[in-house]
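Read through the structure below, which is laid out as structure tokens, and then see the notes.
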Amino acid sequence: VQLQASGGGFVQPGGSLTLSCQASGFNLDYYSIGWVRQAPGKQREEVSCLTGADGSGVYSKSMKDRFTTSRDNVNNTVYLRMNSLDAADTAVYYCATRRGRCLGVFVGRVNNDYDHWGQGTQVTVSS
């Protein structure tokens with residue numbers, strides 16, 4: 001199982017960014033892919049989770065209106081589209097996977113028991 005996250009960078013407040021998570025070595029149909037972020041000095045926080053079987057996503061309440069996760073079946077890639085970014089979104093973003101469907105996603109913590117993690121990609125929101 002391998003996960004490769006990419007797409008981070010610098011963006012101004014109010015801007016948008018799309019992160020990608022390239023998955024290999026497993027069949028996404030039987031797994032969930034989550035995005036988890038960690039800001040400096042803070043604990044990891046789950047952003048979203050996508051169930052591979054049907055492509056449905058669940059989100060942290062604090063982000064559900066701004067972030068969208070989706071899947072590209074052909075390229076075995078999961079995306080996180082982030083809109084209306086602000087400084088509080090500055091963090092290292094990780095993608096991670098677990099077998100089965102997503103469990104709930106809750107503000108301020110990681111609820112799904114991911115067992116494989118990709119390397120992080122840095123997102124910095126600053127003017």
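Worth knowing before you read on, the calculation uses all heavy atoms, side chains too, and leaves out hydrogens, waters and symmetry mates.
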Taking every heavy atom of Cys95 against every heavy atom of Ala5, the minimum-distance pair comes out as SG-CB, 3.9 Å

Apply the side-chain contact (heavy atoms from CB on, under 4.5 Å) test between Tyr79 and each candidate in Thr69, Thr18, Leu50, Leu19; give the one that qualifies. Thr18

Interatomic distance, CD@Glu46 vs CG@Asn111, rounded to 0.5 Å, equals 6.0 Å

ILVMFWY cluster, Val1 and Trp35 together (side-chain gap under 4.5 Å): yes

Quick one: do Met63 and Val110 end up in the same hydrophobic cluster if we chain Ile, Leu, Val, Met, Phe, Trp and Tyr together by side-chain heavy atoms under 4.5 Å apart? no

Between Thr90 and Pro40 the two heavy atoms that sit nearest each other are O-CD, 4.3 Å

For residues 20-27, run the donor-acceptor check on the side chains, cut-off 3.5 Å, and write out each pair with its distance to 0.1 Å, sequence neighbours left out.
unit_1 : atom_1 : unit_2 : atom_2 : d
Gln22  : OE1    : Thr77  : OG1    : 3.0
Gln22  : NE2    : Asn75  : O      : 2.9
Asn27  : OD1    : Asp29  : N      : 2.9

Under a 3.5 Å cutoff, is there a donor and acceptor pairing between the side chains of Arg37 and Tyr93? yes

Check the surroundings of atom CD in Gln2: do more than 12 heavy atoms from other residues, nucleotides or ligands lie under 6.0 Å from it? no

For the CG atom of Leu17 and the CE atom of Met82, what is their distance to the nearest 0.5 Å? 4.5 Å

Just so I know, are the side chains of Arg98 and Leu103 near enough to count as touching, which here means a heavy-atom distance under 4.5 Å? yes

Any chain of hydrophobic side-chain contacts (each under 4.5 Å) joining Tyr31 to Val78? yes

If you take all heavy atoms of Thr51 and Cys102, which pair is closest and at what distance? OG1-N, 3.0 Å

Between the side chain of Ser32 and the main-chain N/O of Gly100, is any donor-acceptor distance below 3.5 Å? yes

Where Leu3 and Gln119 come nearest, the two heavy atoms and their spacing: O-OE1, 3.7 Å

Which heavy atom of Ser16 sits nearest to which heavy atom of Arg81, and what is that distance? CB-NH2, 3.4 Å

Could you measure the distance from the CZ atom of Arg109 to the CD atom of Glu45? Nearest 0.5 Å is fine. 11.5 Å

Of all heavy-atom pairs linking Gly8 and Val123, the shortest is CA-CG2, 4.1 Å

Connected via hydrophobic side-chain network under 4.5 Å: Tyr94 and Leu28: no

For the backbone of Tyr114 and the side chain of Asn112, can you confirm whether one donor and one acceptor N or O come within less than 3.5 Å of each other? no

Between the main-chain N or O of Gly108 and the side-chain N or O of Gln43, is there a donor-acceptor pair closer than 3.5 Å? yes

By side chain to side chain donor-acceptor pair (under 3.5 Å), which residues pair with Ser60, not counting sequence neighbours? Ser62

Does Tyr59 offer a backbone N or O that forms a donor-acceptor pair with the side chain of Ser48 under 3.5 Å? no

Among the clusters formed by ILVMFWY side chains lying less than 4.5 Å apart, do Leu80 and Trp117 turn up in the same one? no

For Ser84, is there any backbone N or O sitting under 3.5 Å from a side-chain donor or acceptor partner on Arg66? yes

Quick one: pull up CG in Asn76 and CD1 in Ile33 and give me the separation to the nearest 0.5 Å. 8.0 Å

To the nearest 0.5 Å, how far apart are CZ in Arg101 and OG in Ser56? 5.0 Å

